[in-house]
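Each remark here refers to the structure printed beneath this line.
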Amino acid sequence: MTDILGNDLNMQYSLLLPEILLGVTAFLVVFADLFSKELKIGYRLLPLITVAGLVAALAASLIWADTTSDFAMLVTVDSFTTFFRVLFCIVAIVLVIGAHEYIEAHVNHPGEFFALLLLSTAGASFMAGAQDLLTAYLAVEVLSFSLYIAVSLGRNDPRSGEAALKYVLLGGVASAFLLYGLSFIYGVAGSTQYADISAALGGDLSDVRGSLVLGLVLIVAGLGFKASAVPFHMWTPDAYEGAPIPVTAYLSATSKAATFALLLRWFSGPLLPAIDEWQWMIAVLATATMVLGNLVALQQRNIKRLLAYSSIAQVGFMLMALVGISQITAGGLLAHLGGYLITNLAVFVAVIHFYNRTGKEEITDFKGLAQTNPYLALVMTAGLFSLAGMPLLVGFFTKFILFQTVVEADFLWLVVVAVVASTVSLYYYLQVIKQMYLYQPDGDATRWRLTPTGYLSTGALLAAVVVLGLWGTPLYEVADKAAAALFPVA
Amino acid sequence: MFDRLPLPSQFDRTIISGGTVLALGATPVLVVLAALLVVDRISAPEFVFFLAASVLLAGAAGVVLMKNIVHAALCLVVTLLGVAAIYLLLLTEFLALVQVLVYGGGVVILLLFGLMMTNAQDDPVVTDGSQKPFAFGVAALIAGVFIALVLDAHWGSPEASIVPFRDFGARLFRDFSLPVVIVAVLLDIAFTGAFVNARRAEADSAARGEARS
Amino acid sequence: MGIEFGMEQVWVLPAIPAALFIVLALLNPLLPRRGDFLAALGMATVVGLVFLVLVDYTSVFNGGHFEPDGTNVFSFDWVNIGQGFFIIEFSTFVDGITMVMLPVVTIVATMVIVYSVGYMHGEQRYGWYFAVLCLFVSAMLTLVVSGNLIQLYLAWEGVGLASYLLIGFYWERQSAAEAAKKAFITTRIGDVGLLIGIILLWRATGTFDIQEIIAIAKAGQIDETYLTVSMIFLFMGAAGKSAQFPLHVWLPDAMEGPTPVSALIHAATMVVAGVYLVARFSPVYAEVLIARDVILYVGLITAVMAASMGLVTSDIKRVLAYSTVSQLGFMFVALGSGAVGAAMFHLLTHAFFKALLFLGSGSVIHATHRQEVESLGGLRRKMPFTAAVFSVGSLALAGIPIFAGFWSKDEILHATLKDAPVAVYVTLAGTAMLTAVYTTRLVLLTFFGAPRDQHAFDHAHESPIIMNAPLALLAVLATVSGFLAFDQVGQALGLPGGIGANVFLEHAHHFTEPDYAFAGTATLMSLVGIGIGWAYWHGDSRRAVAARQWAPDLHALLVNRYYMDGLYQGIINRVILGAGSLIAWFDKKVVNETGVDGGAQAVSYLGYRLKFLQTGRIPNYAFGMALGVLALALVAIGNS
Amino acid sequence: MIPIENFLVLSGLLFAIGLFGVLSRRSAILILMSVELMLAGVAINFITFASYRDTEAFSGLVFALFVITVAAAEVGLALGIVLRLFRERRTANVDEASSLKW
């Protein structure tokens, strides 16, 4: 088939098999939930179907692990896309396994929740694979819409609605910024295709530089919102606190990673020729984000809010990689994303299980967890130390490699700021660890155990945090290969 | 619910007074533009453009300034019709049609319902936030910066051209077939979102409790 | 012999305690005696292996020159990404500096573990204690054998973690928990410097391998200012770990941990990691003299400050802690004047006699459950053995000939006289005298005079043999290890010469016989110091009648007893003790509360102010976003 | 013919007016309306560029169509959330939805 300009279109739908599987599973889950009474199925089946669909999608992603192909010049399937498809599927699988008890007890409409999880995973994969601004934008909205709703699904929690309102209204404004920016990029380049934009921006643009700069400013603002970069971060702590905890985890994992996938695609591809115009913007955002995120995190009392600011701070580190973008920094960023996601999920799944048991989420509520559930305290400690970048845990090496790559890109001052900021972070992570180990539990001091799926998910994450910390080469190699797909050898 | 809608008397008054204000405001603009047209400073399409733009911007200003939210919503209708006119000037009658149908027919009604079910049922008059003066400053600055950056560019003098309807269809449903599918999913998601939030929580938790027991 | 064990297999050394750590941490409830014997046996094995390495090490000398070949390096790629862009090796490297560290770490660790079997008997978390000790030893050995900076940094953090866990061992006690946190945070500040230094060096050289970095730096391929800055950052890490001013504040607080831990980690091994690091990079520091001067003066300030604070502290362990800080300052002064051999020598002797002193004080605490010197006294009658070995350690610390500390301190003073401004020498010699004063005070108040707390005195008893045996061995080492300075002793051990010749590879400082005049002066000063201490604190600080009968010998030497007493009173009260108190106040208020805690508070306060930006209102958030866009756009316009 | 700048300036003004509404309004629904104004500005921009600069592929037209669709969907979604909040707190005033802060 050819398009209207006579280009050949590759309409091989099997390239999109993972996303199709996710969509079909989402439909199945809603269907099963809707007719649960008629079909006589309980809640338990919903997470099972979801996980099955995700596993299928993960397997399907691996089919094209070594190919590079595109679908109708809209979505490209290469090792970069595969990296993120696999990553997103893993995140969703872990989250469903780790949080299904929470979802049953504290989330309205679990069927719809699982469907949204699946659809947003598909949207996130499209963000990583998009080859055209239109696909990218719609993928962003699929993910965002799912999250707006997911945030609002907290049961009997008035914070949930407020958080969703903040998120959806500000998200709308951010979308408007992003779109307005895209319209200028489109106007300057005359096309929405990444390849065409890259070619057009590579030419002489002195005539329309103002519009180009305006477009870049607005794109940085719009995506800065999605990635929660300062000063576009303000929705983050509120949405994180108000959302059900699995949604918070998802926000800090898939949503963030997908945004960075998109940022990597754009800044290493279509927008790369204009690097002089946007480099300083990202550097400024990165600095502000690292500093503010870490400082304000010191003052938090709620664990979800603390993790929100911690994730903001992490975004600052990740943005650094975009400043000096190259195949090497991209590889460092991808490795760090992988390590960060695993670590972050370990902490969040532990918090979810803590909440299942206690129904509390203040930092002081973690008092004496080392006595009531030493295993969970260990998982939390490992996760928090890894987030702080303590050696021999995955967070250290990936962060270190990220920093090194940025140094290599000649942004030494940025790394110095990051190293100092990262030290501050240790302090607030220690606050939580201190509560768990140094204080006696309030009231109920009986020992308790996790559910089997709780042990499964936290155990797997803990093992990954430790093993990848000691021997991370597989992760680095995959990340390196994915980054190589961004910079095809000319 | 319908008894809460300001029909018919308030609506009539709104439309009559709004129309009067619009006519009074539009007359000088119309006169100036007509004069310019007559002395050949602007072409006929430009005349239409400026007319539509004035209506559109006046409507937009109404949306953000009106104290009475029903008036603001009606201003939105005016603005969106103005936008449709602009689309026509850009030779895209299909999008103008979509604009009128989707917005005029759907979105504004939806918003009006939302208004009726929330603020407007007791008191349609709202106060604005305390940061309004700063907001004005920032918005004015942003407008200035944006326009400065846009006008900084030299686009040459390109001509607008008509897109054949058939080509548009082919482009949309063949070249961009995947985005169409994605947007369908997106609408599904939005529908789900509206549904889960608008549904009453009591009914929901009752149903949930029943399902679990 | 079927199995070759030499420098190439040195990675086995840290692997043994690491394995022990895993076994003990997971299985200690299942093991008889919670596995303490496993830890002791494992460590004894490691000591044996160290001697095998030492034997192998003697074989790489050729005509008195250290000639590294392939056998002293072992490596494999740990991380390799970007096709060689970023390689982290696991590699070990052995040279003279390593060969000083290995016996020190393993011997002291073995002694401490054996001692702990008696000291920690009946404690809860007994098994965990030994597990963490093994973790510490493993990390420390990794640190001293590592051939690249990443591995070194990992081990550096590892010893910090073990130290944190052990300082907070009695975490039910609020002060212990706070001390652990303080140690962790303060050393982290230094670690940031180290990490930045590592990154800077990597940027300039493209490698993490220490020997390659040294080679590149020496070849002058790095801009001098850049290199100076990097090396100062590196020293910042060393200062944090080795408790140098102004990052020394954590070490006295770290005494909240069990006493054997203080002996091992906070006196003999971990705190000298900074000395080791600077010594390791000494060829580079020789190129950047500004950085070396920084080390010299930081070391000097630390030595003086800590010694004067030791004079006015009453907790027996804290006195020793200040003494440790002060002695570390001595080592840095040596490094700052380029005398790496002297620094490493002092590191060695100090490790033995300070571990001895700490373990001795542990015996006292174990027997009396008192730590304040004001409530001790007269213990020599109840604990003659402890008193004897403690005195040996004190004599070594005070710098009396024959004992090990004398030789090494003498070397340092010699080096400062030769290579540093004379004021440095004078100050340092004065500090050495001050050392003798506070050491004497400590010994007198603890073991001599009348018991001030009769109850504690009555319950005091000599420690069991399992605690005394390590003390005896350390006392021997604290006496004889000083002779390692002599070339003759080194040659008898199969080495090309004394310790200086081994360590300071290029400009070997050969030491065959002491400079008698110089040594005499130093000895005299130490004796004067002891005399001052004796006169002032002999028997009892309140001049108890019971104490007086112990003094007639000295009093006979002093012609006019009352006159001298008055002079002493005046000088010591007003000048030395006054200055000590003033410095202690400065340390507490300015360095500790304003500098370290204050910095933390300022950061926290900034966070407190900034959090109010988060008003919770949507229009405000949107306003923030709009301002962000506006600012970016305005700067963009300005840029064009 | 109308110069392209006219349309771009118009869309910029519309966008800024919408932004002003977002910043100054208190009613969640009025904020939504203001966002619609901003998106209308975006659509004008896209169509302008499609008509003037991309006459052969006119991807911008398709883009604008999708923008309109997504904007409509967003209104529906957001209204659901506003209604839910209204049910819980009897207010659609965004300043009163500020329990989550600091």
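We name chains A, B, ... by the order of the sequence lines, and we start the count at 1 in each one.
Residue contact with chain B, scored on non-hydrogen atoms closer than 4.5 Å, involves the backbone and the side chain of D:I17 alike. Only the side chain of D:I4 comes within contact range of chain B, with at least one heavy atom under 4.5 Å from a heavy atom of that chain. Using a 4.5 Å cut-off between heavy atoms, D:I81 contacts chain B through both its backbone and its side chain. With a threshold of 4.5 angstrom between heavy atoms, B:D175 does not approach chain D through any atom at all. Interface remark: D:F7 contributes backbone and side-chain atoms alike to the contact with chain B (heavy atom separation under 4.5 Å).
Taking the six-membered ring where the residue is Trp, the centroids of B:F176 and D:F66 are separated by 6.0 Å or more.
Here D:I68 is the residue among D:L19, D:I68, D:L32, D:T69 with the most heavy-atom pairs under 4.5 Å with chain B. Ranked by heavy-atom pairs under 4.5 Å with chain D, the list B:F50, B:Y87, B:F195 is led by B:Y87.
Between D:V22 and B:V64, the closest side-chain pair of non-hydrogen atoms is not below 4.5 Å. At a threshold of 4.5 Å between non-hydrogen side-chain atoms, the residues B:F146 and D:V9 do not count as touching. Side-chain contact check for D:L14 versus B:T79: some heavy-atom pair is nearer than 4.5 Å. The closest side-chain heavy-atom distance from D:T48 to B:I86 is not below 4.5 Å. Residues B:F191 and D:L77 are not in side-chain contact: their nearest non-hydrogen atoms beyond the backbone lie 4.5 Å or more apart.
With hydrogens and angles disregarded, a donor-acceptor distance shorter than 3.5 Å links the side chain of B:R171 to the backbone of D:A57. Checking side-chain atoms of D:S51 against main-chain N and O of B:L90 turns up a donor-acceptor pair under 3.5 Å. Between the side chain of B:Q131 and the backbone N or O of D:L23, at least one donor-acceptor pair lies under 3.5 Å.
In this structure, OG1 in B:T92 is found 14.0 Å from CZ in D:F46, a value given to the nearest 0.5 Å. With rounding to the nearest 0.5 Å, the separation of OG1 in D:T55 from CG in B:L91 is 11.5 Å. Taken to the nearest 0.5 Å, the CG atom of D:L83 stands 11.5 Å off from the CZ atom of B:F113.
Looking at residues two or more places apart in sequence or on another chain, you find a side chain to side chain donor-acceptor pair (under 3.5 Å) between D:E88 and D:R84.
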